[in-house]
Amino acid sequence: MNEQNQLYDVIVIGGGFAGLTAARELSMLGRNVLLLEGRDRLGGRTWTDHRLGSDLELGGTYVHWYHPHTWAEMTRYGLEICEAPRAKEAYWITGGQLHRGTPAELNSIVKNSFEQLLNKAYEYLPQPFNPLQNSSFAEMDEKSVYDFLEGFSLTEEQKDFLNSLLAIDFNGDPKEGAITQMFRWWAFSGGSRYVFADTVARYKIKTGTKSLIDAIAADVQAEIELNSVVESVQSKGDFVHVGTRDGETFKAKAAIVTVPMSTLDKIEFQPALSSTKQAFIKEKQVAKGVKVWARVKGRIDPFVSYAPTGYPLNSVHLDNYVEEDSIIVGFGSDASHFNPNDSKLVEEALRHWRTDLEVIESTGHDWAADELAQETWPMLKPHQFTNYIEEMKRPEQGVFLAGTTYANGWGGFIDGAIENAIVTSRNVHQYLDDHKQSSY
């Protein structure tokens, strides 16, 4: 191993929103920071790339003024929002049968029942950014989404549409997901199905998520090393030694590991992380789905479509136009059974709703198979928030974990990554103050 001589205050591992925010905050506090990113770009699971003749968001996308930390960052950097054209047509599948109507007709199926669910979230999360403040939240954390829905009288059509919505939100099988994961989102919606839909799937950053990543990175007064895949984190005495795949090691007084939770088992921690942390890492999480973009021949009217689990895609909608063609985006709950780069496969999936769409080209990125991701946005299983999250926040010998998985509020969103990074960076700053007696 090639040991670098410089001693840093903090080494930040991962250059997504959590890592960049932590590096910025700590460098602004006067700390000497090194950021190591395994990819050849910054952004982590957000990635604005030019494909199909358009700038596409291959990963995390949606923002809203109800996302307080993201909105504050957009305000700081003067970024604006945009939105896709509002749908004029709706297609949905229930009981294996295709239905067609207006978006209003589709929404009327679940509006009242869904808003009952949204309002239930308030009972368990009166303070959305303090989930454990209410003891009943821990009791509810034992339930899956389907356990919870059994307490409601729903028609088959309502069940199928809710299943479609939840499959999109979990980006995986909602049967595996904790109802509290949804409570943590629903509590911000004001009890309105339409407000909730806007917070999770309507607005994007006009100049792409990359513009926010670049803006934060420009304020990071620290060294940033790309193509540096971290494989080991060792705490020795008062210092943390971080080793990369290329054989380099770096030394610091503390380290913040912001890689996705599903990849933590790829890093050798010495001493090993606590048994509770290891249990969570071993369990993984729910989201293993896919996001697909397709260029469709001709300018089609804005539409939205839904299908429950068991279909290759659970939702597709028009995003924008390029020249005389249309760009659509869709989500499926199982990436292992769907290749977004296979245009024929994408066209076949679309035929469950529409036979008039000709896919010219399609694209996407398999985050579930990506070595440095192994998941899309993280979605928790029953018990996981109450059993593990507080422990995941607890540092061990100068090693801190950070990321959207451990957020109190919008877990799984860009907002959650920023929130948790701000809190963690302040904790690291305090930790360094408490250990001033350590010397090189």
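All values derive from a computational prediction rather than experimental measurement.
For the pair N314 and F331, the minimum side-chain heavy-atom distance is 4.5 Å or more. No side-chain heavy atom of N427 sits under 4.5 Å from any side-chain heavy atom of P395. Looking only at side-chain heavy atoms (C-beta outward), D160 and I93 stay at 4.5 Å or farther from each other. Two residues are said to be in side-chain contact when any heavy atoms from C-beta on lie closer than 4.5 Å; L432 and R31 meet this criterion. The closest side-chain heavy-atom distance from F250 to V240 is not below 4.5 Å. Under the 4.5 Å side-chain criterion, counting only non-hydrogen atoms from C-beta, F170 is not in contact with E176. At least one side-chain heavy atom of W92 sits under 4.5 Å from a side-chain heavy atom of I109. Between L372 and T263 the shortest side-chain heavy-atom distance does not fall below 4.5 Å.
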Discussion item. Let's go through D325 and R295 carefully: what are the C-alpha distance in whole Å and the side-chain angles of both, what is the deciding distance for salt bridge (Lys or Arg N to Asp or Glu O under 4.0 Å) to 0.1 Å, and is it a yes or a no?
Written reply: CA-CA 7 Å; D325 296 323; R295 182 164 177 164; 3.0 Å; yes
Practice prompt. Start with the C-alpha gap between Q270 and S232, add the side-chain angles, then the distance that decides, and say whether side chain to side chain donor-acceptor pair (under 3.5 Å) holds.
Written response: CA-CA 8 Å; Q270 294 183 5; S232 66; over 6 Å; no
Practice prompt. Step by step, work out the salt bridge (Lys or Arg N to Asp or Glu O under 4.0 Å) result for E371 and K266.
Written response: CA-CA 9 Å; E371 176 194 14; K266 307 299 182 185; over 6 Å; no
Worksheet item: L132 and I389: side chain to side chain contact (heavy atoms under 4.5 Å, CB included), yes or no, with the steps?
Response: CA-CA 11 Å; L132 299 178; I389 296 303; over 6 Å; no
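Between the side chain of N107 and the backbone N or O of P103 there is at least one donor-acceptor pair closer than 3.5 Å. Side chain of T70 to backbone of D415: a donor-acceptor contact under 3.5 angstrom is found. Using modelled atom types, one side-chain atom of E419 and one backbone atom of G409 make a donor-acceptor pair closer than 3.5 Å. With hydrogens and angles disregarded, no donor-acceptor distance shorter than 3.5 Å links the side chain of K291 to the backbone of T376. Checked by atom type and distance alone, the side chain of E225 never pairs as donor or acceptor with a backbone atom of L34 at under 3.5 Å. No donor-acceptor pair closer than 3.5 Å links the side chain of S333 to the backbone N or O of D173. Using modelled atom types, no side-chain atom of S305 and backbone atom of W353 make a donor-acceptor pair closer than 3.5 Å. Between the W377 side chain and the T404 main chain, no donor and acceptor come within less than 3.5 Å of each other. When atom types are taken as modelled, the side chain of S189 and the backbone of F196 share no donor-acceptor pair closer than 3.5 angstrom. No donor-acceptor pair closer than 3.5 Å links the side chain of D49 to the backbone N or O of D55.
Counting only N and O atoms by type, the side chains of D370 and H365 include a donor and acceptor under 3.5 Å apart. Using a 3.5 Å distance cut-off with no hydrogens or angles, the side chains of K288 and S262 do not pair a donor with an acceptor. Between the side chains of E248 and S228, not a single donor N or O lies within less than 3.5 Å of an accepting N or O. If you check the side chains of E396 and S235, you find no donor sitting under 3.5 Å from an acceptor. Remark: the S144 side chain and the D147 side chain contain an N/O donor-acceptor pair separated by less than 3.5 Å. There is no side-chain donor-acceptor pair under 3.5 Å between K253 and N32.
R76 and M28 make their closest contact through NH1-CE, 4.5 Å (heavy atoms, listed as atom of the first residue, atom of the second, distance). Across all non-hydrogen atoms, the minimal contact from T46 to G60 is CG2-O, 3.7 Å. For the pair V428 and A254, the tightest heavy-atom approach, listed with the atom from each and the gap, is CG1-CB, 4.2 Å. Among all heavy-atom pairs drawn from G15 and L35, the shortest one is CA-CD2, 3.9 Å. Y62 and V200 make their closest contact through CD1-O, 3.3 Å (heavy atoms, listed as atom of the first residue, atom of the second, distance). In terms of heavy atoms, A18 sits closest to A421 at O-CB, 3.2 Å.
E142 pairs by the side-chain contact (heavy atoms from CB on, under 4.5 Å) definition with H383, not counting sequence neighbours. Applying the ring pair (Phe, Tyr, Trp, His ring centres under 6.0 Å) test to Y77 and every residue at least two apart in sequence or in another chain returns nothing. In this structure R426 satisfies the side-chain contact (heavy atoms from CB on, under 4.5 Å) test together with E25, L29, sequence neighbours excluded. Under the ring pair (Phe, Tyr, Trp, His ring centres under 6.0 Å) criterion, W71 pairs with W65, not counting sequence neighbours.
Tested against I13 for a side-chain contact (heavy atoms from CB on, under 4.5 Å), the candidates V399, V230, T244, T258 yield a single pass: V230.
Taking the charged nitrogens against the carboxylate oxygens, K393 and E390 do have a contact shorter than 4.0 Å, which makes a salt bridge. The pair R354-D356 counts as a salt bridge, with a side-chain nitrogen and a carboxylate oxygen less than 4.0 angstrom apart. No salt bridge links E115 with R193; every basic N to acidic carboxylate O contact stays at or beyond 4.0 Å. A salt bridge links R45 with E375: the closest approach of a Lys/Arg side-chain nitrogen to an acidic carboxylate oxygen falls below 4.0 angstrom. Using a 4.0 Å cut-off between charged side-chain N and carboxylate O, E348 and R351 make no salt bridge.
Interatomic distance, Y311 OH to D334 CG, rounded to the nearest 0.5 Å: 16.0 Å. Distance CG/D246 to CG/N227: 8.0 Å, rounded to 0.5 Å. Rounding to the nearest 0.5 Å gives a distance of 14.0 Å between CD1 of I414 and NE2 of H64. Atom CD1 of I216 sits about 10.5 Å away from atom CG of L42, to the nearest 0.5 Å. With rounding to the nearest 0.5 Å, the separation of CG in L318 from CD1 in I328 is 8.0 Å. Considering CG of N387 and OG1 of T276, their distance stands at 8.5 Å, rounded to 0.5 Å.
By the 6.0 Å contact criterion, NE2 on H337 is open, its count of non-hydrogen atoms from other residues, nucleotides or ligands being 12 or less. Atom NZ of K120 has 12 or fewer neighbouring heavy atoms from other residues, nucleotides or ligands inside a 6.0 Å radius. Residue-environment remark: NZ (K210) stays at or below the threshold of 12 foreign heavy atoms within 6.0 Å.
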Could you go through residues 79-87 and list every donor-acceptor pair under 3.5 Å that involves a side-chain atom there, pairing it with any protein atom two or more places apart or in another chain?
{"residue": "E83", "atom": "OE1", "partner": "R202", "partner atom": "NE", "Å": "2.7"}
{"residue": "E83", "atom": "OE1", "partner": "R202", "partner atom": "NH2", "Å": "3.0"}

Result block: side-chain N/O donor-acceptor pairs under 3.5 angstrom for residues 180-188, not counting sequence neighbours:
{"residue": "T180", "atom": "OG1", "partner": "D141", "partner atom": "OD1", "Å": "2.4"}
{"residue": "Q181", "atom": "OE1", "partner": "R184", "partner atom": "NH1", "Å": "3.3"}
{"residue": "Q181", "atom": "OE1", "partner": "L380", "partner atom": "N", "Å": "3.3"}
{"residue": "Q181", "atom": "NE2", "partner": "G411", "partner atom": "O", "Å": "3.3"}
{"residue": "R184", "atom": "NH2", "partner": "A407", "partner atom": "O", "Å": "2.5"}
{"residue": "W185", "atom": "NE1", "partner": "G411", "partner atom": "O", "Å": "3.0"}

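Taking the six-membered ring for Trp and the full ring otherwise, F129 and H69 have centroids separated by under 6.0 Å.
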